[in-house]
Student: 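Below you'll find the structure I mean.
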Protein chains: 2
Amino acid sequence: MQAGRLSWKDVREAIHEWILSGRYGPGDKLPRDADIAVELACARSTVQRAMQDLSDSGIVERRRKGGTRVRQDPVVRATLDIPITRREIEDRGGLYDYRLIERSFGKPPRAVRIAMNLSDAPDMLRIEALHLCDGRPYIFEDRWVCTTTAPNILKVDLSRDSANEWLVRNAPYTRFEVKFFALNADQRTAELMATTPRSALLAIERTTWLDDRPITHVTAIAAPGYRLLSRS
Amino acid sequence: MQAGRLSWKDVREAIHEWILSGRYGPGDKLPRDADIAVELACARSTVQRAMQDLSDSGIVERRRKGGTRVRQDPVVRATLDIPITRREIEDRGGLYDYRLIERSFGKPPRAVRIAMNLSDAPDMLRIEALHLCDGRPYIFEDRWVCTTTAPNILKVDLSRDSANEWLVRNAPYTRFEVKFFALNADQRTAELMATTPRSALLAIERTTWLDDRPITHVTAIAAPGYRLLSRS
DNA sequence: AAGTGGTCTAGACCACGTA
DNA sequence: ACGTGGTCTAGACCACTTA
């Protein structure tokens, strides 16, 4: 970064400082980008880049002609990284292991069809698998794969390679949805996860699409004590 | 948008398409920005903006001198909005209500000090409060506020105004951390949330700082059935 | 109708990391 | 050392929205 010149991140900090210090409070209108550029002695596009970031972060609200205002109800916007399970475990320094529990065909239950936004119910590949960290259950994965969208998965030996990994590498998506919720372990899940029935488990439900065709729907159930952290 | 000219989002889509179609697979090196700019007939900075976004989305990896490569292990990067609880309920069309359960002073437990990254343990304001949707418990909030960083909260009548809302409006932060996990309701929580002990509940733990001084640490425990959705 | 944000362009220079 | 991404600048024009 060149000395004496402001980067757009510097500009963002400067403007954020104005807000933190109360120079501009919630609902207040900020000066036009052009005027800020003059005040801070930088190009307007630099201010624009900074403002775009403040807007993305939910701190500021911008409207053409209406100008820029400090948001009344700031939103906490958190970003989460959900890596491949194998990598997640290896990055923690754990030993990864994987076990295929079931592989079958059938019509997905209604909840899955709804999540995929499907009216009819074609047969899909059903996969149940367990990811282990240092020999202990880490994540149980209950997955449905749409074989019309991702037919090549039928050639994969899922007892060796996890669908999680194969899909992420070989079936890129254009859109996805994620849901987080807590559930009580039922009898079977408790056995699989080596815990007691009714244990509270974090579930991460993910659906991916290639354009408008669903690829897969997975419910990943994490072992007790699992914590999902936001990116710094 | 001007016709005949490519916006950086168009460029991002074009490049993403190259990846989806297999023209460039995982690990492959993409051409230099400058060459892509020539191929697509746009400015290099437009390609740069598109690439920055693809990099932010975890699709591509960029290194100075090393060039740009398609990521081997794509990461699912989800963004979550965590609004003020009152707004969250009202946006769902629910009737919001709020009850202060406890307001006291004391030393925070060790877990809170660790989360705040504090070695010593000053007295802090402790708040327990319940947010209700249509008269039913929705979120139980267990909060510690550092009164040296946010002293003005002592003047607030917390039986009327929730600390959640007051802090978000009046104590802006520069940094925060969020954790998600599942927990079994204990006896007291079960009573407060009008559910049964051992129910699985989603907990959202959040810590905020103003520069390096902690502001608040809150564990928000959601009612059974609560689901957290990613932003589209 | 006019003002404000949104974006593109072309050129320049910097900074980082690999070869 | 040098190639590649990262960013700034100044100007231009567009697009949206509200006064």
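Note on naming: letters A, B, ... go to the chains in the order of the sequence lines (proteins, then strands), and numbering restarts at 1 for each one.
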Student: What's the CG-P distance between A/Asp53 and D/dG6, to the nearest Å?
Tutor: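 Computing the A/Asp53:CG to D/dG6:P distance gives 16 Å.
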Student: For residues B/Thr85 and B/Asn164, is any side-chain donor paired with an opposing acceptor at under 3.5 Å?
Tutor: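 The criterion, which ignores hydrogens and geometry beyond distance, is satisfied for B/Asn164 and B/Thr85.
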Student: With no hydrogens and no angle check, do the side chains of B/Glu88 and B/Tyr138 hold a donor and an acceptor under 3.5 Å apart?
Tutor: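 Short answer, yes.
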Student: Does B/Arg44 contact D/dG6 through a side-chain donor or acceptor facing the base, at a distance under 3.5 Å?
Tutor: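 A donor-acceptor contact between them is present.
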Student: Does B/Ser45 reach a base, just sugar-phosphate, or nothing at all? Heavy atoms under 4.0 Å.
Tutor: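 Contact class for B/Ser45: base.
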Student: Roughly how many Å is it from CG in B/Leu40 to C1' in C/dA10, rounded to a whole number?
Tutor: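 Rounded to whole Å, this separation is 17 Å.
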Student: To check you understand the geometry: which heavy-atom pair defines the closest contact between A/Ile36 and A/Pro31, and what is its length?
Tutor: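 For A/Ile36 versus A/Pro31, the nearest heavy atoms are CD1-O, 3.7 Å.
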Student: Looking at D/dG6, does its base get a donor-acceptor pair with the side chain of B/Arg49 below 3.5 Å?
Tutor: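 Looking at the base of D/dG6, it does not pair with any donor or acceptor on the side chain of B/Arg49 (distance under 3.5 Å).
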Student: Would you say A/Thr46 places a side-chain N or O within less than 4.0 Å of OP1 or OP2 belonging to D/dT7?
Tutor: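 A/Thr46 to D/dT7 OP1/OP2: no side-chain N or O under 4.0 Å.
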Student: Side chain of A/Trp8 only, heavy atoms from C-beta on: which candidate in D/dT7, C/dG5, D/dG6 is closest?
Tutor: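 Nearest to the side chain of A/Trp8 among the choices is D/dT7.
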Student: Cut-off 3.5 Å, side chains only: do B/Arg62 and B/Gln48 have a donor facing an acceptor?
Tutor: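 A pair is found: one side chain offers a donor N or O, the other an acceptor, under 3.5 Å apart.
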Student: Would you kindly give the CZ-to-P distance between B/Arg69 and C/dG17, to the nearest whole Å?
Tutor: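 Interatomic distance, CZ of B/Arg69 to P of C/dG17: 16 Å.
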Student: Taking 4.0 Å as the cut-off, does a side-chain nitrogen or oxygen of A/Arg63 come that near to OP1 or OP2 on C/dT4?
Tutor: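 No.
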Student: To the nearest Å, give me how far apart CZ (A/Arg12) and P (D/dT7) are.
Tutor: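 In whole Å, D/dT7 P lies 11 Å from A/Arg12 CZ.
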Student: Any idea which of C/dT7, D/dC8, C/dG5 is nearest the A/Gln52 side chain?
Tutor: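 Nearest listed nucleotide: C/dT7.
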Student: Atom CD1 of B/Ile36 and atom C1' of D/dG5: how far apart are they, to the nearest Å?
Tutor: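 In whole Å, D/dG5 C1' lies 12 Å from B/Ile36 CD1.
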Student: Calculate the interatomic distance between B/Arg62 atom CZ and D/dG3 atom C1'; express it in whole Å.
Tutor: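 The distance from CZ of B/Arg62 to C1' of D/dG3 comes to 14 Å, rounded to the nearest Å.
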Student: Report yes if at least one side-chain N or O of A/Gln48 is closer than 4.0 Å to OP1 or OP2 of C/dG6; otherwise report no.
Tutor: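 Answer yes for this pair, as a side-chain N or O of A/Gln48 is under 4.0 Å from OP1 or OP2.
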Student: Tell me the interatomic distance from B/Asp35, atom CG, to D/dT4, atom P, rounded to whole angstroms.
Tutor: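 Rounding to the nearest Å, CG of B/Asp35 and P of D/dT4 are 8 Å apart.
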Student: Hydrogens and angles aside, do A/Arg77 and A/Ser57 bring a side-chain donor and acceptor to less than 3.5 Å of each other?
Tutor: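 The criterion, which ignores hydrogens and geometry beyond distance, is not satisfied for A/Ser57 and A/Arg77.
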Student: Using the side-chain heavy atoms of A/Ser7, tell me which of these nucleotides is nearest: D/dT17, D/dT7, C/dC16.
Tutor: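 The listed nucleotide nearest to A/Ser7's side chain is D/dT7.
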Student: Rounded to the Å, how far apart are B/Asp33 CG and D/dT4 C1'?
Tutor: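 Atom-to-atom, B/Asp33 to D/dT4, this comes out as 8 Å.
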Student: Just compare C/dG3, D/dC8, C/dT18 and give me whichever is closest to any side-chain atom of A/Arg64.
Tutor: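 Among the listed nucleotides, the one closest to the side chain of A/Arg64 is C/dG3.
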